[in-house]
Number of protein chains: 2
Amino acid sequence: MDQLLALKYFCKVAETGSFTAAATAFSVPPSSISRRISDLETNLGTHLLTRSTRVVKLTEIGTAYLEQVKEILVQLELSNESVKSYQSSPMGQLRISSMVSFGERKLFPLLDQFSALYPDITLDISLSDELSSLANDDIDVAIRGGYAPDERIHAIKLMPNEFIPVASPAYLSAMGTPQDGFELRNRQGLFFRTPRGPSPWLLEINDQWHDVSGQPAVISNNANWLMKQGLEGKGIMIAPRWSVEPHLVSGELVELLTDTALSVNQNPGMGIYLLYQKPKYLVPKVKVFIDFLVENLMGRDD
Amino acid sequence: MDQLLALKYFCKVAETGSFTAAATAFSVPPSSISRRISDLETNLGTHLLTRSTRVVKLTEIGTAYLEQVKEILVQLELSNESVKSYQSSPMGQLRISSMVSFGERKLFPLLDQFSALYPDITLDISLSDELSSLANDDIDVAIRGGYAPDERIHAIKLMPNEFIPVASPAYLSAMGTPQDGFELRNRQGLFFRTPRGPSPWLLEINDQWHDVSGQPAVISNNANWLMKQGLEGKGIMIAPRWSVEPHLVSGELVELLTDTALSVNQNPGMGIYLLYQKPKYLVPKVKVFIDFLVENLMGRDD
DNA sequence: ATTTCTTTTGTCAAAAAGACAATAATATGG
DNA sequence: CCATATTATTGTCTTTTTGACAAAAGAAAT
């Protein structure tokens, strides 16, 4: 028995609630649908549908089975489509989702180069700090801080996401340079607001984490504005190293307490991750983009 | 074309590295294997295997496809088996994995009752605080503190996992009863060692978390021994409410700082979760156990 | 009660998969 | 270097499965 065909029929019948509707959808006579599903039921030893000549309904077990089967069919189709497109040239629309600040500072500068390499790929980039799921199929790759959410999602660590305290020379000359982590509690702080509230300042001493958050001078979810405040000497901020690197080099910002373990969360494995569904790596446009990012970002900072 | 059959053949060939070996495994002539896989390849438009009459190897794309297909076949088989066993009576071996302390204090007292209800189910219980994955098929249900790790794993919150500070009356009369969360830092503490180190004491004030861990008098990963130390007045411990409830009732332990938000982690949604793979709920022995636990645990403490 | 719509069943044709033998290709052994 | 053995493929036939069309049975609506 062709179980796959039976499952497709079954899903369509459940969706439409009718054998004939499913039959027209597949351009086969209703009898075929009836026979396939009947075969499936005898194989499983259970009735999946209660058919009363006029109305078709799912049984309890049918409902549960349908849910699982639908997921399986989607996965298989995704794999098949990925393989089919494998040997075509990289082209088409590539949907990318990224954290706002990372997108602006690291991604955008690379994209011109990428577009020159692959002119047939149309980039569609949306920046957001919300955790949009990859499950809805409209995003090919995502860039997020954190970890892999699901086994089916493949995660590549692009670079570490080391958080360091920084301040402008003007601020430091006016207020003095802190010599100890606990001193931060009395300082003006510029805080980034995540979807889960403002990021605290955490200090690690002997595997113990202490909250040493300063007095909030500014709280915002806009990294550009926070950075502007920091450059103007409004206070101390704890920011990812990659985001402040240019200002450290130019001397506009100074790194503080370099020998102290400070962060905004207790998790050491934090990094910037490139996320995509495994089968998608077979799609040329996705593959070249992933390889391009890995090539251009991992060589630099890691 | 029966793609499912072709995929099964493909997996077997990849596994054995031989068409004939796969053929004998399925008790069909090798020509059938060859034809099915050839069909599959033409459908996908790609070669999955490089066959050189003597040795069969996977292509790059074949390797990737195989990995995905194997997973899909396993899922489908799991769903099918679950449905097949749906209308049988609850029986057979039921493998349960649980956190040690929860198993000893809450689970064991219920199991006699469960065994009386379902004498045909053989219980196989292993207690461990390690995070054993449900993916390897040898565990039917698991009980863990924390969250759902994967979309395919279904999680039911059995009860909250509220952590509260407690101490024995003897300790309190000798050392005094703390009136403020920050006072805890100067007290003797009994700490539970998780796989990620001793649990700190955290105090929440205005969305800010402060580490107020006491001076460690005892650190252990054995909850029974820690409890013994606590009952003997060796110090303060922060423990799940359900684990100390009997001692609170009997007066052997006293809850401290009831108006203060203390915990061992920053995550408010923490709870005791019952975990299982979705298709397993169709298996009677699993279903009755889950329903039994939900019935007997959620009514009590939640 | 009749009409209408829908599922099922019967029968036959078409397509797909299996069986068996023969062929081609490549390692291994002498 | 050649012969042999092993393995995948191809050709042909048989068996099984699926699709197609018509007819029948069942249930709701007019």
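We name chains A, B, ... by the order of the sequence lines, and we start the count at 1 in each one. What you see is a predicted model; the values in this text were computed from it and never measured.
- Taking the side chain of A:Thr20 as heavy atoms from C-beta on, and the options D:dA8, C:dT6, C:dA17, the nearest nucleotide is C:dT6.
- In this structure, B:Met1 atom CE and C:dG18 atom P are separated by 12 Å, rounded to whole Å.
- The interatomic distance linking A:Phe19 (CZ) with C:dT9 (P) rounds to 11 Å, in whole Å.
- The aromatic rings of B:Phe10 and B:Tyr65 sit tilted relative to each other, their planes meeting at an angle between 30° and 60°.
- Atom-to-atom, CZ of A:Arg51 to C1' of D:dA25 comes out at 15 Å; the value is rounded to the nearest Å.
- B:Tyr281 is not listed as a side-chain neighbour of B:His154, based on a closest heavy-atom distance of 4.5 Å or more.
- Going from atom CD of B:Gln3 over to atom P of C:dA17 covers 11 Å, rounded to whole Å.
- Looking at heavy-atom distances under 4.0 Å, B:Phe26 makes no contact with the nucleic acid at all.
- With rounding to whole Å, A:Lys57 atom NZ is found 17 Å from C:dT6 atom C1'.
- Smallest separation of non-hydrogen atoms from A:Asn43 and B:Lys84: O-CE, 3.5 Å.
- Remark on the helix from C:dA1-D:dT30 to C:dG30-D:dC1: inter-end axis angle 30°, axes from five-pair C1' superpositions, rounded to 10°.
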query = Passes side-chain contact (heavy atoms from CB on, under 4.5 Å), B:Leu76 versus A:Leu7? Steps please.
reply = CA-CA 11 Å; B:Leu76 183 58; A:Leu7 292 178; 3.8 Å; yes
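- Shown here for B:Ala64 and A:Leu282, the closest heavy-atom pair between the two residues is CB-CD2, 3.4 Å.
- Within the 4.0 Å cut-off from OP1 or OP2 of D:dT18, not a single side-chain nitrogen or oxygen of A:Tyr9 is found.
- Near DNA chain D, defined here as any heavy-atom distance below 4.0 Å, the residues from residues 27-40 of chain A are A:Val28, A:Pro29, A:Ser31, A:Ser32, A:Arg35, A:Arg36, A:Asp39, listed numerically.
- Atom CG of B:Asp2 is separated from atom P of D:dT18 by 8 Å (rounded to the nearest Å).
- Although no hydrogens or angles enter the test, the distance criterion places a donor-acceptor pair under 3.5 Å between the side chain of B:Asp140 and the main chain of B:Arg95.
- The two residues B:Val69 and B:Cys11 come nearest to each other via the heavy atoms CG1-SG, 3.7 Å.
- Atom CG in B:Leu4 sits about 16 Å away from atom C1' in D:dT17, given to the nearest Å.
- For the 3.5 Å distance criterion, the side chains of A:Ser97 and A:Arg144 qualify, holding a donor opposite an acceptor.
- Remark: P of C:dT7 and NE2 of A:His47 are 16 Å apart, rounded to the nearest angstrom.
- Inspection of the A:Ser18 and A:Thr20 side chains reveals an N or O donor paired with an N or O acceptor under 3.5 Å.
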